[in-house]
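Note that the structure is a prediction, hence the values are computed from the model and not measured.
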Amino acid sequence: MTPPVGGGTTTGAQPPVPYSDVSTWQPLRLRVFRTLWIAQFVSNVGGWMQTVGAQWLITQESGSAGLIALVQTAASLPVLLLGIPAGALADIVDRRKLLLAAQVLMFTAAGLLAALTALGRMDAYGVLTLTFVLGCGTALMNPAWQAIQPELVPREQIPAAAALGGVNMNLARAIGPAVGGVVVALAGTATVFAVNAASFLVTLGALATWHRQARPDPMGAERILPALRAGNRYVRNAPRVRRVLGRSLLFVPCAAALWALLPVVARKQLGMGAGGYGVLLGAVGVGAVGGAALLPQVRKRWSSNTALAAGGILFAVTLALLAVVRVSWLVGVVLLFSGIAWVGVLSMLNAQMQVTSPGWVRARSLAFYLTIFQGGMAIGAAVWGKVADGIGLVPTLLVAAAVLAAASLAGLMLAVPDTPLDRSVSMHWAAPTMVLEPSEDDEQVLVTIEYVVRAHNADRFIAAMRAEGRSRLRTGAVSWDLYRDGTDPDTYLEVFVVASWKEHLRQHSGRLTGFDRETEERARALVDPDHPFRVTHYLPARRSSPP
């Protein structure tokens, strides 16, 4: 590593782009984004139709709130188990090919579910098993699907694209459940499952028409285990990412009570059939579409921190109202506001993850977010279903509302800043010149940098170096520290260990961003200009010949 002054370059440099006044609908003007968005919508409609069919089949067989809630758990649990490895996979293989493979898996599982149901060979546990397989396909697909969004739209449109993702899911929720309920009533659950299988063919066709320009890593693809470790280190040392994940963890498990218990509200509290339940889910979807349209105005008037808290409290209020309202049309109105809150919170969190994570680790960062989201849905749905079996529906909804309101207020302490970060690739470290030939994969590398800093700059330098240490750890270092010379207090030694020489070369060739460069420059500005800092690379000592 060499000083970032004179000799480095910034690739694809661009100024940080804040949330802007871009219309929510603007990304739909781009052909590739529009094609994939429509295909995703068709698939989501099929998915919501299947959810109605699966939950209604189990409702008819057992009526157990616990078993009904497990449909959501079976769909979401695979993301908890496979989401992080899937994120690493999406960062090291061609994302288009991974998406195609996931669609084939889901088509196969959905087709099998339809065929066995039509033959009368499907019971509640079979539905849960194949729903779990479908969830495995979703787990493989989601990080790659989220990570390709910056390839489809300009950076300033990423928040709008994230909101459109919420619109897509919730517009499908507005249509799919209602259509699914009608199809169940008229043609049976097997037909619903067959429609879902066909929807995956639409997505396969759209992906086949997308001619993605793959950009192979000049250093070769990362191996899966080092990639997993690198992603984990990045998330641990990225404070803003951790805050977004924390806010997700405070919202999703409590909000899962709505999706877990709404079938029970429809059947037992309102006396509705499958069609009525679909209409209730549709009301949530309609509210979500309206909420997405309002998002630019919300972002203009409120900070993300305030808007996230307000959205959580609004959702909590709707849960409490569901517990006491017994009039079907009033429940529909309440669910409109549930949809507004749901899409508002999740779109803001998703947009933060998209614009905060650099390209080399984006899918892995998003995998952590999706794991918390789907894992929170899976565990939350199972917990609220069991609680409802134990203490009843109304008390469970009230408890979920109270916990969510408290969590939303507590979330204000995990502020999510709106200031943008420059995540463009910055190659400001020139290639190191080595005499010894390093082993690329198997041996750690010790890097030391010596600085001279005058006493009046010492405190500011130490604070700036702590931020720089997090940058080292995010991009490849497994340990980092800063030492001060006991005999010469103006002399400091930065020491960090990188997992391998190849990992260190990845720091040089694409992992550093404009934000990392700014962090370094703040510390370098405090170094004594008369004493240039010195960088040294230490390799494991090896004998050059037998003794």
Measure the CZ-OG distance between Arg517 and Ser426 for me, rounded to the nearest 0.5 Å. 5.0 Å

For Gly137 against Ala102, the heavy-atom pair lying closest together: O-CB, 3.6 Å

List in chain and number order the residues that pass side chain to side chain donor-acceptor pair (under 3.5 Å) with Thr203, two or more places apart in sequence or in another chain; answer none if no residue qualifies. none

Those residues that, when tested against Phe33, pass side chain to side chain contact (heavy atoms under 4.5 Å, CB included) (two or more places apart): Pro27, Leu28, Leu30, Trp37, Gln149, Leu152, Val153, Ala161, Leu164

Over 12 foreign heavy atoms within 6.0 Å of CZ, Arg31: no

Would you give the length of the straight line joining atom CD1 of Ile372 to atom CZ of Arg247, rounded to the nearest 0.5 angstrom? 13.5 Å

Rounded to the nearest 0.5 Å, what's the gap from CD on Gln103 to CG on Leu140? Could you check? 10.5 Å

Any side-chain heavy atom of Leu473 within less than 4.5 Å of one from Arg233? no

Taking side chain to side chain donor-acceptor pair (under 3.5 Å) as the test, write out the residues that go with Ser303, two or more places apart. Thr306

Between atom CD1 of Ile175 and atom CH2 of Trp48, what is the distance when rounded to the nearest 0.5 Å? 13.5 Å

Measure across Gly287 and Ile340 and return the closest heavy-atom pair with its distance rounded to 0.1 Å. O-CG1, 3.2 Å

Single hit among Val361, Val241, Ile84 for side-chain contact (heavy atoms from CB on, under 4.5 Å) with Val235: Val241

Which heavy-atom pair separates Ala172 from Asn44 by the least distance, and what is that distance? CB-CB, 3.4 Å

Would you say the side-chain atoms of Trp302 pair up with the backbone N or O of Leu308, donor to acceptor, closer than 3.5 Å? no

Check: Leu270 and Val327 side chains under 4.5 Å, non-hydrogen atoms: no

Mind listing the closest non-hydrogen atom pair of Gly47 and Asn196 along with its distance? N-OD1, 3.2 Å

Using 4.0 Å as the upper bound for N to carboxylate O, is an ion pair formed by Asp516 and Arg472? no

Let me confirm one number: the CG-CZ distance from Leu99 to Arg96, rounded to the nearest 0.5 Å. 9.5 Å

Side chain to side chain contact (heavy atoms under 4.5 Å, CB included) involving Arg240 - partner list, sequence neighbours excluded: Gln352, Thr356, Pro417, Thr419, Leu421

Show which side-chain atoms of residues 403-415 pair as donor or acceptor with protein atoms under 3.5 Å away, not counting sequence neighbours.
residue, atom, partner, partner atom, Å
Ser408, OG, Leu404, O, 2.9

Are the side chains of Asn168 and Ile38 in touch, meaning some heavy atoms are under 4.5 Å apart? no

Partners meeting salt bridge (Lys or Arg N to Asp or Glu O under 4.0 Å) with Arg95 (sequence neighbours left out): Asp91, Glu151

Are Met427 and Leu512 packed together at the side-chain level, in the sense that at least one heavy-atom pair is separated by less than 4.5 angstrom? no

List the atom of Pro85, the atom of Leu81, and the distance in Å for their closest heavy-atom pair. CD-O, 4.2 Å

Pair Arg364, Asn232 - check side-chain hydrogen bond (donor to acceptor under 3.5 Å, both in side chains), show working. CA-CA 8 Å; Arg364 279 167 278 189; Asn232 187 48; over 6 Å; no

Trace of the side chain to side chain contact (heavy atoms under 4.5 Å, CB included) decision for Met272 with Arg267: CA-CA 5 Å; Met272 289 180 163; Arg267 184 177 178 87; over 6 Å; no

Under 3.5 Å, side chain of Thr138 to main-chain N/O of Leu134, donor-acceptor pair present? yes

Test log, rule side chain to side chain contact (heavy atoms under 4.5 Å, CB included), inputs Trp360 and Val425: CA-CA 9 Å; Trp360 72 270; Val425 176; over 6 Å; no

Could you list the residues that satisfy side chain to side chain donor-acceptor pair (under 3.5 Å) with Ser328, not counting sequence neighbours? none

Partner set under side chain to side chain contact (heavy atoms under 4.5 Å, CB included) for Leu98, not counting sequence neighbours: Leu89, Ala90, Val93, Ala144

N/O donor-acceptor pair under 3.5 Å between Arg423 side chain and Gly359 backbone: no

All pairs passing side chain to side chain donor-acceptor pair (under 3.5 Å) where residues 336-346 contributes a residue, at least two apart: Thr318-Ser338

More than 12 heavy atoms of other groups within 6.0 Å of Trp210 CH2: yes

Would one find more than 12 heavy atoms of other residues, nucleotides or ligands at under 6.0 Å from atom CZ of Phe337? no

With side chain to side chain contact (heavy atoms under 4.5 Å, CB included) as the criterion, how do Val334 and Trp329 come out once you've worked through the C-alpha distance, each side chain's angles and the decisive distance to 0.1 Å? CA-CA 9 Å; Val334 169; Trp329 71 268; over 6 Å; no

In Å and rounded to the nearest 0.5 Å, what is the CD to OH distance from Gln354 to Tyr369? 9.5 Å

Any side-chain heavy-atom pair from Val399 and Val387 closer than 4.5 angstrom? no

Sorted by chain and residue number, the side chain to side chain donor-acceptor pair (under 3.5 Å) partners of Gln269 (sequence neighbours excluded) come out as none

Does any non-hydrogen side-chain atom of Val45 lie less than 4.5 Å from one of Ser199? no

Say whether, by atom type as modelled, one donor and one acceptor occur between the side chain of Ser43 and the main chain of Gln40 under 3.5 angstrom. no

With Leu322, which of Val394, Leu393, Val331 fulfils side-chain contact (heavy atoms from CB on, under 4.5 Å)? Val331

Of the non-hydrogen atoms in Val416 and Ser304, which two are nearest, and what is the gap between them? O-CB, 4.0 Å

Partner residues of Ile379 under the side chain to side chain contact (heavy atoms under 4.5 Å, CB included) criterion, sequence neighbours left out: Leu80, Val383

Asn350 vs Gln146, test: side chain to side chain contact (heavy atoms under 4.5 Å, CB included). Steps then yes/no. CA-CA 9 Å; Asn350 187 280; Gln146 295 286 336; 3.0 Å; yes

Who pairs with Arg511 by salt bridge (Lys or Arg N to Asp or Glu O under 4.0 Å), at least two apart in sequence or on another chain? Glu222, Glu503

Is the Phe315 to Phe251 ring centre distance short of 6.0 Å? yes

